[in-house]
Amino acid sequence: GNYSGAPLVFCGLNGLPDHRQLKAVYEHTLGHAVLHRGRQRHGAEDITAGERMNLVVWSYSHAYRSSAASEKRHEREASRPDPRCVSYTHDRDFNQ
């Protein structure tokens with residue numbers, strides 16, 4: 001689609017002390033795909049004009065999900081979160 005705005009924001013890995021710290025911002029390019037780790041906290045910012053379509057694909061590995069490496073960890077945050085990494089949907093402290 002033809003649109004502007006809506007960069008993809010990448011933060012730390014879920015469950016780690018830096019999970020709400022900004023790591024990278026990706027400006028979409030028509031015809032390109034983005035792959036990332038499932039635990040990578042991410043989100044698209046608002047579209048400022050136009051319309052965009054996304055194709056989202058998830059993969060699942062039973063072997064990985066059954067391993068110790070996939071166990072969820074929740075470590076205390078190391079510092080205040082970056083505002084771009086705080087989610088209305090997932091964070092109780094959104095807008096604080």
Side-chain angles (χ1 to χ4, degrees):
N2 191 10
Y3 70 95
S4 59
L8 187 56
V9 174
F10 288 97
C11 304
L13 296 180
N14 285 319
L16 296 183
D18 68 345
H19 78 281
R20 296 196 301 175
Q21 297 303 311
L22 185 64
K23 301 296 181 185
V25 177
Y26 176 79
E27 297 286 343
H28 293 282
T29 303
L30 185 62
H32 289 211
V34 177
L35 301 176
H36 62 84
R37 296 173 60 176
R39 288 183 53 209
Q40 190 78 51
R41 188 172 174 119
H42 64 284
E45 293 189 338
D46 293 339
I47 293 173
T48 55
E51 183 176 283
R52 181 184 77 207
M53 295 177 132
N54 293 320
L55 172 64
V56 179
V57 179
W58 287 272
S59 65
Y60 181 88
S61 167
H62 181 72
Y64 174 74
R65 295 287 179 195
S66 300
S67 72
S70 80
E71 290 179 15
K72 296 197 183 323
R73 299 175 0 200
H74 296 286
E75 298 178 24
R76 185 176 202 91
E77 285 188 87
S79 59
R80 293 184 57 80
D82 185 292
R84 294 176 86 175
C85 294
V86 179
S87 163
Y88 169 80
T89 306
H90 301 287
D91 297 311
R92 287 178 280 184
D93 59 350
F94 180 81
N95 263 348
Q96 289 183 5

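These values consider heavy atoms only, across backbone and side chains, with no hydrogens, waters or symmetry-generated copies.
- If you take OG on S87 and CZ on R92, they are separated by 13.0 Å, rounding to the nearest 0.5 Å.
- Side-chain contact between E51 and Y3 is absent, with no heavy-atom pair separated by less than 4.5 Å.
- For CG of D93, the number of neighbouring non-hydrogen atoms (other residues, nucleotides, ligands) closer than 6.0 Å is greater than 12.
- Using a distance-only test at 3.5 Å, with no hydrogens or angles considered, a donor-acceptor pair links the side chain of D82 to the main chain of R84.
- At least one donor-acceptor pair closer than 3.5 Å links the side chain of S70 to the backbone N or O of Y64.
- For the pair G5 and T48, the tightest heavy-atom approach, listed with the atom from each and the gap, is N-OG1, 3.6 Å.
- By the 4.5 Å heavy-atom criterion applied to side chains, Q40 and L13 are counted as neighbours.
- The backbone N or O of C85 sits less than 3.5 Å from a side-chain atom of R41, completing a donor-acceptor pair.
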Distance-only donor-acceptor pairs under 3.5 Å for side chains of residues 22-29, two or more places apart:
| unit_1 | atom_1 | unit_2 | atom_2 | d |
| --- | --- | --- | --- | --- |
| K23 | NZ | D18 | OD2 | 2.7 |

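- Classified by interplanar angle (parallel below 30°, tilted 30° to 60°, perpendicular above 60°), the ring pair F94/Y88 is perpendicular.
- C11 has its side chain out of reach of R20: every pair of non-hydrogen atoms, C-beta onward, lies at least 4.5 Å apart.
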>> Applying side-chain contact (heavy atoms from CB on, under 4.5 Å) to R39 and L16, what does each step give before you reach the verdict?
In response: CA-CA 10 Å; R39 288 183 53 209; L16 296 183; 3.7 Å; yes
